[in-house]
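Before any comments, here is the structure.
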Amino acid sequence: KIDELWDKWHRQLKITNQGVVHGHGTVAKVRLIEGRTIVDPTAIYMEGPPPDRDQDGGARSERFLYINERNHLKIGSYAGEPRGAWALSYFVNEARNQEPNAKRTIERALPGTCSALTMLRDVYPGEEICVRYVDESYEQERERLRLERGTQRYRYVYPPKTAGASWNTCVGIEGKSTSAGTYPTEEAAARAIDALLLANDMAAVNFPGEEAATQAAFPQFFAQDEPASSG
């Protein structure tokens, strides 16, 4: 799948230092019609903020693309990692003093969520692709992905019975109703459910493709031999 998406990117786009806004940029090799989406399988959607030591550039760091305080897209090597691990879309320049002709979107094109470019208008061969680096519509993209999973926002998560109370969790594990705990937010409860499922060699249901982030958020589930049953 990654090789297929890689090939599609390179058939339609070219990285060059000729005739671009600055440095290296990305230009169209063929006509790209409005609405076309090109996935970058190398720009991976990450839960949580970027590492503190990599936020020297704020929302415009060369190593990540900021979505909000909870999520980001990693496009370059972080401090302490080998240099040169750049995503393809690292070379997409910001639309400076002009309207962007494309926007970054979030696509479930791989087992994990990754970034893509969606054309805002027809783009012609030789024209540079430019985007807004900070795009508030990412929250809309995130919500769209949730809705695509079904009308229920999260599975095995239950709302507080009284105002100010915690979100409850309950899922069947080996034929037993099992709690993943109670949490102050719906999203935390949903991720806890995934952690419990993963710890029992079951598939994540709320954040599929984000298993590493889930395990990092709830390491306690993976240190236990057996989950505690609630009945």
Side-chain angles (χ1 to χ4, degrees), residues 1-47 50 57 59-68 71-78 81-149 208-210 212:
K1 184 69 172 182
I2 292 178
D3 289 343
E4 178 184 342
L5 293 171
W6 176 280
D7 289 341
K8 285 184 177 179
W9 176 283
H10 285 288
R11 285 200 301 268
Q12 300 174 87
L13 300 170
K14 177 177 69 174
I15 298 170
T16 179
N17 61 357
Q18 302 295 316
V20 295
V21 173
H22 64 89
H24 285 77
T26 300
V27 301
K29 294 173 68 175
V30 297
R31 181 183 176 185
L32 305 173
I33 62 173
E34 180 179 352
R36 177 173 297 181
T37 295
I38 306 173
V39 173
D40 176 4
T42 62
I44 305 301
Y45 175 86
M46 308 283 286
E47 288 288 315
R60 289 174 174 78
S61 170
E62 291 187 347
R63 293 181 288 277
F64 66 86
L65 296 172
Y66 183 85
I67 299 175
N68 55 40
N71 313 288
H72 69 284
L73 289 161
K74 183 179 179 183
I75 60 171
S77 304
Y78 286 153
E81 296 180 343
R83 301 292 293 174
W86 307 116
L88 294 171
S89 54
Y90 169 80
F91 299 100
V92 175
N93 282 322
E94 184 174 20
R96 299 181 178 180
N97 303 315
Q98 61 179 321
E99 288 298 312
N101 54 18
K103 65 177 292 186
R104 297 187 186 275
T105 54
I106 301 171
E107 299 294 329
R108 298 201 63 79
L110 294 171
T113 305
C114 54
S115 178
L117 295 172
T118 297
M119 302 303 116
L120 297 176
R121 59 170 175 79
D122 287 2
V123 178
Y124 295 89
E127 187 176 353
E128 183 177 8
I129 306 297
C130 292
V131 301
R132 294 194 191 283
Y133 278 2
V134 183
D135 193 336
E136 295 178 356
S137 68
Y138 271 123
E139 278 299 302
Q140 299 171 13
E141 291 293 317
R142 186 172 168 81
E143 186 64 19
R144 175 179 63 81
L145 291 173
R146 288 173 176 155
L147 293 174
E148 287 177 355
R149 296 173 185 147
E210 300 175 14

field: Residue that, paired with E128, satisfies side-chain hydrogen bond (donor to acceptor under 3.5 Å, both in side chains) out of T26, N93, T16
entry: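 By the side-chain hydrogen bond (donor to acceptor under 3.5 Å, both in side chains) criterion, E128 pairs with just one of T26, N93, T16: N93.
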Shortest non-hydrogen contact from [X] toward [Y]:
| X | Y | result |
| --- | --- | --- |
| V30 | P125 | C-CG, 3.8 Å |
| A102 | V131 | O-CG1, 3.4 Å |
| Y124 | A28 | O-CB, 3.6 Å |
| P41 | W6 | CG-N, 4.0 Å |

- prompt: Should H10 and L88 be marked as a side chain to side chain contact (heavy atoms under 4.5 Å, CB included) after you check the CA-CA gap, both sets of side-chain angles, and the distance that decides it?
  reply: CA-CA 9 Å; H10 285 288; L88 294 171; 3.7 Å; yes
- prompt: Looking at R121, K14, R31, which hits salt bridge (charged side-chain N to carboxylate O under 4.0 Å, His left out) with E127?
  reply: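 That would be R121; it is the only one of R121, K14, R31 passing the salt bridge (charged side-chain N to carboxylate O under 4.0 Å, His left out) with E127.
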message: For M119 and I129: C-alpha separation, side-chain torsions, deciding distance, then whether side chain to side chain contact (heavy atoms under 4.5 Å, CB included) applies.
response: CA-CA 9 Å; M119 302 303 116; I129 306 297; 4.1 Å; yes
- prompt: Do the non-hydrogen side-chain atoms of Q12 and L32 ever get within less than 4.5 Å of each other?
  reply: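 Touching, per the 4.5 Å side-chain cut-off.
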message: If you define the side chain from C-beta out and look only at heavy atoms, does anything of E99 sit under 4.5 Å from L120?
response: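 No, their side chains stay 4.5 Å or more apart.
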task: Could you tell me whether the side chains of T105 and T118 share a donor-acceptor contact shorter than 3.5 Å?
output: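 Note: T105 and T118 side chains meet the donor-acceptor criterion.
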May I ask you to decide if [Y]'s main-chain N or O and [X]'s side chain share a donor-acceptor pair within less than 3.5 Å?
| X | Y | result |
| --- | --- | --- |
| N101 | C130 | yes |
| K8 | I38 | no |
| N17 | G23 | no |

Approximate separation, where rounding is to 0.5 Å, of Y90 OH and D40 CG: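 Going from the OH atom of Y90 to the CG atom of D40 covers 13.5 Å.
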